[in-house]
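Just so it is clear, the model here is predicted, and its values are computed rather than measured. Lettering follows sequence order; numbering is per chain, from 1.
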There are 2 protein chains.
Amino acid sequence: MRKSALPSLSVRIDLDPEGRIGPGKIRLLEAIASCGSISAAGRAMNMSYKRAWDLVDEINHICNRPAVERQTGGKNGGGAMLTPFGQSLVARYRKIERSAENAARKELQALRADIGVRTKG
Amino acid sequence: MRKSALPSLSVRIDLDPEGRIGPGKIRLLEAIASCGSISAAGRAMNMSYKRAWDLVDEINHICNRPAVERQTGGKNGGGAMLTPFGQSLVARYRKIERSAENAARKELQALRADIGVRTKG
DNA sequence: GATCGTTATATGTATATAAACATAACGTAA
DNA sequence: TTACGTTATGTTTATATACATATAACGATC
């Protein structure tokens, strides 16, 4: 498998001075979407349930609307899924990320040439 | 009118898994370039000299070559300036940042529209 | 040699962040 | 009712980060 070459970009969206959404929260949202629960997503990311829950809570508060809808109790104990807004948030982030990396590719290559390629391994 | 309304982008360059360069370090480099010393740059950014020095040291180590050249002692007690590499690093970062914001503008506006309008339900 | 403001370094103290652990509430199904 | 796995919410501990303070070395200038 091919790891992303360094240097690479990471993009954050500053929704307000105290609230940003970056690659970590987006990966968590994606994991929730594919796992069906916060706790399973946390396990998949090697993250404690509490941390995952706190991040979800933070995301929902940063945006003015819930990105994750949660059900407590019920079949299988409950679960969580992305709201339509949450889905579009992830999609938008990924699109922005792709656009940014595309736009920056030349400069990053030049930077890599300056610094020297480090092939770890 | 102020330049960037929220949400806005912030871009980091991951030079290696443990070393990133983002808007803070770039602003520090720019302050050093315009102030002529680490300590003056720190004062200008309301940052302790130690913190500024540590950041410069980190930058110089993250990259494989110095971005800041320092002179201890001498006229005015010494000073610091950007190396040619440091100058190009700043220029490249700012160019990447502009490209990224340009590429993401539409999506950010859509996101702003989503978040700005609070729809309960 | 004394002065000056800088670089360079060390140490201790707050503060913020993350991890670890514990426990209750929930709602479906057996 | 009981069991189950989840959401929800604490409390405590540990770690990392930032801050404050102190001090020495440096080298041109006076």
**OP:** Measure from the side chain of B/Ser37, starting at C-beta and using heavy atoms only, and say which of D/dT7, C/dT6, D/dT6 lies closest.
**Re:** C/dT6
**OP:** Could you check how far CD1 of B/Ile38 sits from P of C/dT7, rounded to whole Å?
**Re:** 5 Å
Subject >> Whole-Å gap separating C1' (C/dA16) and CD (A/Glu18) >> reply: 13 Å
Subject >> Whichever of A/Asn76 and B/Trp53 has its nearest DNA chain C nucleotide further upstream toward 5' >> reply: B/Trp53
Original post:
For the side chain of B/Tyr49, counting heavy atoms from C-beta on, which of C/dA8, C/dC21, C/dT6 is nearest?
Top reply: C/dA8
**OP:** Take the protein atom NZ of B/Lys75 and the nucleotide atom P of D/dA28, then report the distance between them rounded to whole Å.
**Re:** 12 Å
Original post:
Base, sugar-phosphate alone, or nothing: which one does B/Ser48 contact when heavy atoms must sit under 4.0 Å apart?
Top reply: nothing
Subject >> B/Met81 CE - C/dT6 C1' separation (whole Å) >> reply: 16 Å
Subject >> Side chain of A/Ser39 - closest among D/dT6, C/dA20, C/dT11 >> reply: D/dT6
**OP:** May I have the distance from B/Asn60 (atom CG) to C/dT7 (atom P), rounded to whole angstrom?
**Re:** 13 Å
Original post:
Side chains of B/Leu15 and B/Cys63: does their closest heavy-atom pair fall under 4.5 Å?
Top reply: yes
Subject >> Distance, nearest 0.5 Å, that separates NZ of B/Lys25 from CZ of B/Arg20 >> reply: 9.0 Å
Original post:
Across the strands shown, which category fits A/Ala80 at heavy-atom distances under 4.0 angstrom: base, sugar-phosphate, nothing?
Top reply: sugar-phosphate
**OP:** Measure the spacing between CZ of A/Arg92 and CD of A/Glu97 and express it to the nearest 0.5 Å.
**Re:** 16.0 Å
Subject >> Out of C/dA10, C/dA18, C/dA8, whichever nucleotide has its closest atom nearest the side chain of A/Arg51 >> reply: C/dA18
Subject >> Separation of C/dT7 P from B/Asp54 CG (nearest whole Å) >> reply: 13 Å
Original post:
Got a second to check how far A/Ile62's CD1 is from A/Leu55's CG, nearest 0.5 Å?
Top reply: 9.0 Å
**OP:** Look at A/Lys50 together with A/Asp57 and state whether they make a salt bridge at an N to O cut-off of under 4.0 Å.
**Re:** no
Original post:
Once you round it to whole Å, what is the distance between P of D/dG10 and CG of A/Asp57?
Top reply: 11 Å
Subject >> Below 4.0 Å: OP1/OP2 of D/dA8 and any side-chain N or O of A/Arg70 >> reply: yes
